[in-house]
There are 2 protein chains.
Amino acid sequence: MKTEILPKNENDALQKEIISKIRDYINYKNLEPGDKLPSERKLSESFEVSRSNVREAIQTLEYYGLLKSKPQSGTFVADIGSVALNGMITDILRLEKPDFKSLVETRILLELKTVRLAALRRTKEELKEIEEALEAYSKKVMNGEDAVQEDLLFHLAIAKASGNSTINTFMLTITPEIITNFAKYHVCDKNIAFIGIQEHRDIYEAIKNQDPQLAKEKMKVHFKMLYQYCYNIKD
Amino acid sequence: MKTEILPKNENDALQKEIISKIRDYINYKNLEPGDKLPSERKLSESFEVSRSNVREAIQTLEYYGLLKSKPQSGTFVADIGSVALNGMITDILRLEKPDFKSLVETRILLELKTVRLAALRRTKEELKEIEEALEAYSKKVMNGEDAVQEDLLFHLAIAKASGNSTINTFMLTITPEIITNFAKYHVCDKNIAFIGIQEHRDIYEAIKNQDPQLAKEKMKVHFKMLYQYCYNIKD
DNA sequence: CAAACCAATCTGGTTAACCAATTATAGTAT
DNA sequence: ATACTATAATTGGTTAACCAGATTGGTTTG
């Protein structure tokens, strides 16, 4: 087989094509939950692609929980019926890269929840971690330095204290993209940062006092500017 | 080097160890955004693990947006400062597998948002897709068949119509796990399903009439049982 | 007749060799 | 001294060979 280096976009397109072929195969053969897929070798042969490409595609579907591969045994359809499997793969193929607005919108939604949960559930240790993140942030701002990273770490500390591992994971996945875009669009410039200290402190105090309602209110205040800012950005 | 097959858990542990070593290296060398990591070969040699293990670890960090590898060039630190990078890798290493309650809690949060957004933003095409999902669900229930899959696809259709690609992705990632656990805990048994038809129809109508507040209310009603059910499950 | 055993085969995972694009280096001409 | 070019080394990606555990079918044994 001929070696060929593909640009990342085409590589993604290839992987999507393979995923789509796997879906077609599952449909054609009417595979049920727990059924075994053909081996990676056979798939790569019948799809006329390399085995590593097939492996990548399988890994992606495994990430979404649709397949499950067992060492020295085979790759199996997850405990999901063919209807859901089919619909979900179709959805995955259509997924587009998240835009900035959708990221911010989601972040606000998640954080209004985490801050309430953190106020309800935080342990003493988690509270201390939040406090430390707050101090690190304040120190930077007082020195006139850029503190976008410390800002985000404060919010991540709250997410960790929410006791909801799913939301925590989601927050982690969107944070880098947010940081990048913040720098790009010059959100959160230094003039805003000074106000940010007090806002952060208010949030911290509400969590400390285990007042979920107040915590949410303070977080809303904190997001108000961000909200306005982001909805004014050109696409 | 000796070939050794590892159980999945140990493999995960190994990957975490490698990730942690990458973090340490970045700290030790004070790598800034855009700086280049040593080549995969050098890393695998200095960590005394195979190159494919290193590649896996890098891919994971790439998924979280912390690294960026360019073909025939190198692997680079993303446009994130070392503080955030360090904090986030530490968080990632601590991540635990999501529990069922956290999944349901998150799903409810996300869906109360998607249903409102869908009522505001849905196109005619998206509305039609929701309707088709609703019909497929109703038909199954009327025939006395299990309709968990069609149920979830209805909700995914709403997520798609929300116009928020981030939330849409999140919904896709948690759905398989939810389906599996539903089957495991016998949530949504047939006796509930008949009520479900009307509840789904109410939600659909609210979205059709572009009434976000009503849509949210109806979704809340729909989740009421689920909510109670899930918080009574033993851990 | 059923259970236990064994060897051939098949599997996903791992390793090592290979590829071509990129980057660094040395040399040459201006 | 500088700008440009050719060449060698380096890189992430790809392919193919290899590994050992799992499966399977047939045979033996109680």
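By convention in this document, chain letters (A, B, ...) are assigned in the order of the sequence lines, proteins followed by strands, and residues within each chain are numbered from 1.
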Interatomic distance where [atom1] belongs to [X] and [atom2] belongs to [N] [whole Å]:
X: B:Arg55; N: D:dT11; atom1: CZ; atom2: C1'; value: 11 Å
X: B:Arg51; N: C:dG13; atom1: CZ; atom2: P; value: 19 Å
X: B:Gln72; N: C:dT22; atom1: CD; atom2: P; value: 7 Å
X: B:Glu48; N: C:dT15; atom1: CD; atom2: C1'; value: 17 Å
X: A:Glu56; N: C:dG13; atom1: CD; atom2: C1'; value: 15 Å
X: B:Ile58; N: D:dG12; atom1: CD1; atom2: C1'; value: 9 Å
X: A:Glu45; N: D:dT15; atom1: CD; atom2: P; value: 15 Å
X: A:Lys70; N: C:dG12; atom1: NZ; atom2: P; value: 12 Å

Just to confirm, is there a sub-4.0 Å distance from OP1 or OP2 of [N] to any side-chain nitrogen or oxygen of [X]?
X: A:Thr75; N: C:dG12; result: yes
X: B:Ser69; N: D:dT11; result: no
X: A:Ser73; N: C:dT11; result: no

Is any side-chain heavy atom of [X] less than 4.5 Å from a side-chain heavy atom of [Y]?
X: A:Asp35; Y: A:Lys29; result: no
X: B:Lys139; Y: B:Glu150; result: no
X: A:Ser46; Y: A:Tyr25; result: no
X: A:Glu111; Y: A:Met171; result: yes

(request) Would you please indicate yes or no on a ring centroid separation below 6.0 angstrom for B:Phe170 and A:Phe170? (result)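 Yes, they do, as the ring centres are separated by less than 6.0 Å.
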(request) Could you tell me whether A:Glu105 and B:Arg121 have a side-chain N and a carboxylate O separated by less than 4.0 Å? (result) yes
Please report the interatomic distance [atom1]([X]) to [atom2]([Y]), rounded to the nearest 0.5 Å.
X: B:Glu40; Y: B:Ser52; atom1: CD; atom2: OG; answer: 10.0 Å
X: B:Leu85; Y: B:Leu66; atom1: CG; atom2: CG; answer: 5.5 Å
X: B:Thr123; Y: B:Glu129; atom1: OG1; atom2: CD; answer: 8.0 Å

(request) Kindly state which residues belonging to residues 17-42 of chain A come within less than 4.0 angstrom of DNA chain C, counting heavy atoms of the residue only, listed by number. (result) A:Ser39, A:Glu40, A:Arg41, A:Lys42
(message) Among D:dG13, C:dT15, D:dT15, which nucleotide has an atom closest to any side-chain atom of A:Asn53?
(response)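 Given the options D:dG13, C:dT15, D:dT15, the side chain of A:Asn53 is closest to D:dT15.
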(request) Estimate the overall bend of the helix from C:dC1-D:dG30 to C:dT30-D:dA1 from the end axes over five pairs each, rounded to 10 degrees. (result) 10°
(message) Categorize A:Ser52 for me: base, sugar-phosphate, or nothing, with a 4.0 angstrom heavy-atom threshold over every strand shown.
(response)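 The residue A:Ser52 makes base contact.
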